2 protein chains.
Amino acid sequence: MASSQFSTKQRILEAAETLFARHGFAGASLRQVTSAANVNLAAVNYHFGSKDKLIEEVFRRRLDELNKRRLLALDQLGEAPTLEDALAAFIRPALELAREGDGGGAFVRVLARAYAEHNDQLRKFLSENYGHVLKQFAKIFATLLPHLPREELYWRIDIVAGALTYAMADFGIIQRREGVTEQQHREQAAEHLIRFAAAGLRAE
Amino acid sequence: MASSQFSTKQRILEAAETLFARHGFAGASLRQVTSAANVNLAAVNYHFGSKDKLIEEVFRRRLDELNKRRLLALDQLGEAPTLEDALAAFIRPALELAREGDGGGAFVRVLARAYAEHNDQLRKFLSENYGHVLKQFAKIFATLLPHLPREELYWRIDIVAGALTYAMADFGIIQRREGVTEQQHREQAAEHLIRFAAAGLRAE
DNA sequence: CTATGCTTCAAACGATCGTTTGATACGAGA
DNA sequence: TCTCGTATCAAACGATCGTTTGAAGCATAG
């Protein structure tokens with residue numbers, strides 16, 4: 001049971017992640033997924049129950065990891081971190097996830113798609129797994145920006161999250177130059193984003 | 001020919017816009033669209049040729065309008081506009097489009113979806129219709145921020161565009177309060193976004 | 001060896017997809 | 001009034017969708 005189940009499930013998850021990123025949840029069929037994963041068509045329903053459950057699982061796997069790393073980075077901030085440090089704790093784990101070889105880069109696009117889907121069920125799932133992390137960051141941003149009204153802060157965090165989503169998914173107009181790897185490109189995006197966001201949060 | 005063709009085409013376009021915004025391009029079927037528009041199924045292929053052409057037309061209609069308004073707002077800036085004014089010329093037309101009764105609100109979500117789709121054909125179409133407008137704005141931002149290196153400026157404009165896309169499509173975590181209309185919510189989002197973006201552009 | 005419990009497989013299910021067809025309705029111009 | 005081009009219609013096309021089925025494979029425990 002162990003090795004073959006593991007391998008099949010994992011290969012489905014990775015193929016699904018790539019194809020969902022490329023064609024969307026409705027646009028990528030289970031036949032494409034199972035064919036790319038070199039497994040039988042019925043394996044998806046056997047291992048995951050349905051296409052929707054597969055989508056959820058693609059999410060859960062990476063999102064748990066992302067949240068874990070963000071909270072870890074948050075913990076590792078010193079006593080008196082700068083705003084840039086706190087932002088980096090929020091932004092860099094997404095960057096790291098995106099540059100790992102096993103398809104994390106595809107996942108950040110899947111994540112951006114999920115926002116675009118505006119699906120209530122998916123939103124609920126995201127806020128359940130995402131909400132407490134965001135609250136943690138809101139707390140440290142609040143202590144770093146004591147003069148900022150709470151509601152104003154929430155708006156600005158929301159803007160940062162949006163810009164991050166967009167930037168990490170590489171949706172922008174800026175094209176990678178020749179000779180710049182995707183990693184380097186994302187690294188640059190993160191640097192610019194942190195600087196920009198820090199100034200935006202400090203505004204007024 | 002005149003009135004009935006106009007009515008059918010228009011009703012298809014509007015129903016398509018709403019349903020594409022809600023379910024995505026692949027997720028919304030022509031049967032859903034024609035049913036919502038109260039027209040015959042075959043009308044889409046008759047008037048537009050194919051589903052893909054319909055998608056393109058949904059885009060072109062609004063994007064032409066958005067670009068026109070942005071360029072107009074840009075023209076109407078005085079001799080020495082502030083950075084906030086220039087940003088408003090970029091951001092407010094999207095807001096206005098979003099709050100018109102005839103489905104503009106749906107379109108900004110369609111637009112955000114298009115970014116998420118990452119479809120090369122669609123990207124090319126967008127950059128063709130979008131590129132020169134963005135260049136115009138880049139120029140005025142450059143004169144308003146003369147100390148900023150050109151590449152740095154492009155990065156920051158990209159971030160602004162991302163945050164705008166995200167905010168206008170109402171993807172964020174911030175939920176509308178009871179008694180706040182969608183218009184007011186978007187208005188608030190625009191205000192926060194302009195303030196945030198101005199500070200971000202001025203960073204360092 | 002046999003039996004058991006996962007896992008994989010080819011095949012088919014009904015539903016729905018985008019598209020096409022040919023008939024029909026209808027208004028404007030000769 | 002007849003005609004012709006446009007528009008709409010019900011119906012069907014083949015393809016593909018997500019899902020289900022039942023048999024076959026296969027390792028491990030008795």
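Computed from a predicted structure; not experimentally measured. Letters go in sequence order (proteins before strands), and every chain restarts at 1. These numbers come from the heavy atoms of this one structure, side chains and all, not from hydrogens, waters or symmetry mates.
The separation between His47(B) atom NE2 and dT6(D) atom C1' is 9 Å, rounded to whole Å. Between the P atom of dA7(D) and the CD1 atom of Ile12(B) lies a distance of 12 Å, rounded to the nearest Å. With rounding to whole Å, Leu54(A) atom CG is found 10 Å from dG18(D) atom P. In this structure, Lys53(B) places its NZ atom 16 Å from P of dG18(C), rounding to the nearest Å. What separates NE2 of His23(B) from C1' of dC17(D) is a distance of 17 Å, to the nearest Å. As rounded to whole Å, 13 Å separates atom P of dT8(C) from atom CG of Asn38(A). Look at CZ on Phe48(B): it is 16 Å from P on dT20(C), rounded to the nearest Å.
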Atom pairs, N/O to N/O, protein against nucleotides 21-23 of chain C, distance under 3.5 Å?
none

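For the atom pair CD1 of Ile55(A) and CZ of Arg60(A), the computed distance is 13.5 Å after rounding to the nearest 0.5 Å.
Near DNA chain C, defined here as any heavy-atom distance below 4.0 Å, the residues from residues 29-37 of chain A are Arg31(A), listed numerically.
Looking at Arg109(A), its side chain never comes within 3.5 Å of a backbone N or O of Ala21(A) through a donor-acceptor pair. Panel note: side chain His192(A), backbone Gln188(A); a donor-acceptor pair is recorded below 3.5 Å. The backbone N or O of Val110(B) lies less than 3.5 Å from no partner atom in the side chain of Arg62(B), so there is not a single donor-acceptor pair.
A donor-acceptor contact closer than 3.5 angstrom links the side chains of Ser7(A) and Arg11(A).
Of the listed nucleotides (dT8(C), dG18(D), dA11(D)), dA11(D) has the atom at the smallest distance from the side chain of Leu41(B). Of the candidate nucleotides dA7(D), dT8(C), dG18(C), dT8(C) has the atom nearest to the side chain of Tyr46(A).
Under the 6.0 Å cut-off for aromatic ring centres, Phe107(A) and Phe59(A) qualify, their centroids lying closer than that. Residues Tyr166(A) and Tyr166(B) keep their aromatic ring centres 6.0 Å or farther apart.
The residue among Asn40(B) and Asn45(A) whose nearest nucleotide of DNA chain D is located toward the 5' end is Asn40(B).
The aromatic rings of Phe196(B) and Phe196(A) are tilted relative to each other, their planes meeting at an angle between 30° and 60°.
Applying the 4.0 Å criterion to OP1 and OP2 of dT8(C), one finds that Thr8(A) has a side-chain N or O inside that range.
Between Glu84(B) and Arg202(B) there is a salt bridge, since a side-chain N of the basic residue sits under 4.0 Å from a carboxylate O of the acidic one.
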